[in-house]
Amino acid sequence: MITYLHRCTLHNYHQILASKDWTCMYCGAHGGPGDGQEPGIQDTEDPRGATATCPVCMVDALVGSATGFQVRSPYLIALCCRTWFRTYGYIEDREPGTLTFRTVYVD
């Protein structure tokens with residue numbers, strides 16, 4: 001699932017535009033059509049298609065609801081961010097809602 005979602009972040013501009021909402025798996029920003037936040041665009045000359053970038057952090061980590069996943073789930077966002085970036089990125093600076101990060105030490 002995480003590998004599939006990671007592939008969905010590339011060459012996805014049309015998928016993001018077709019989604020009811022999208023979330024950046026790096027900073028946790030989210031939006032959708034008509035909210036005033038237009039995703040950026042890169043790789044416009046790539047024959048596989050353009051890639052959408054987050055309008056907040058400009059990272060190419062947007063995943064749209066057209067993938068079939070609950071893209072606003074704080075648990076999914078944290079899992080993707082931790083897996084792909086080895087950090088919680090800007091999520092640490094944002095209000096995570098009911099999500100709590102804890103360090104667990106195992107002997």
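This one's a predicted model, so the numbers in the text were calculated from it and none came from an experiment. One-based numbering along the sequence shown.
By the side-chain contact (heavy atoms from CB on, under 4.5 Å) test, Q37 is found to be paired with W22, D35, P55, V56, residues two or more places apart in sequence or in another chain being considered. Among residues two or more places apart in sequence or in another chain, the side-chain contact (heavy atoms from CB on, under 4.5 Å) test is passed with S65 by S19, K20, D21, V71. Judged as a salt bridge (charged side-chain N to carboxylate O under 4.0 Å, His left out), and not counting sequence neighbours, the contacts of D46 are R48. Partners of L17 under the side-chain contact (heavy atoms from CB on, under 4.5 Å) rule, at least two apart in sequence or in another chain, are Y13. Listed by chain and number, the residues in a side chain to side chain donor-acceptor pair (under 3.5 Å) with T67 amount to none (sequence neighbours excluded). Listed by chain and number, the residues in a ring pair (Phe, Tyr, Trp, His ring centres under 6.0 Å) with H6 are W84 (sequence neighbours excluded).
In plain terms, the two heavy atoms of I77 and T23 that are nearest each other are CD1-CG2, 3.4 Å. For T53 against L62, the heavy-atom pair with the smallest separation is O-CD1, 3.6 Å. For I16 against A52, the heavy-atom pair with the smallest separation is CG1-CB, 3.8 Å.
You'll find the side chain of C54 reaches within 4.5 Å of the side chain of C27, heavy atoms only.
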- prompt: For I41 and T51, what are the C-alpha separation, side-chain angles and deciding distance, and is it a side chain to side chain contact (heavy atoms under 4.5 Å, CB included)?
  reply: CA-CA 6 Å; I41 186 169; T51 296; over 6 Å; no

Side chain to side chain contact (heavy atoms under 4.5 Å, CB included) assessment of V63 paired with T9: CA-CA 6 Å; V63 176; T9 64; 3.7 Å; yes

message: side chain to side chain contact (heavy atoms under 4.5 Å, CB included), that's the test. Do Q15 and C8 meet it? Break it down for me.
response: CA-CA 9 Å; Q15 177 235 76; C8 290; 4.0 Å; yes

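F69 and Y26 fall within a single hydrophobic cluster, where Ile, Leu, Val, Met, Phe, Trp and Tyr side chains are chained together by heavy-atom contacts under 4.5 Å. L76 and V59 fall within a single hydrophobic cluster, where Ile, Leu, Val, Met, Phe, Trp and Tyr side chains are chained together by heavy-atom contacts under 4.5 Å.
Atom NE2 in H30 sits 11.5 Å away from atom CE in M25 (nearest 0.5 Å). Note that CG of D60 is 7.5 Å distant from CG of D43, once rounded to the nearest 0.5 Å.
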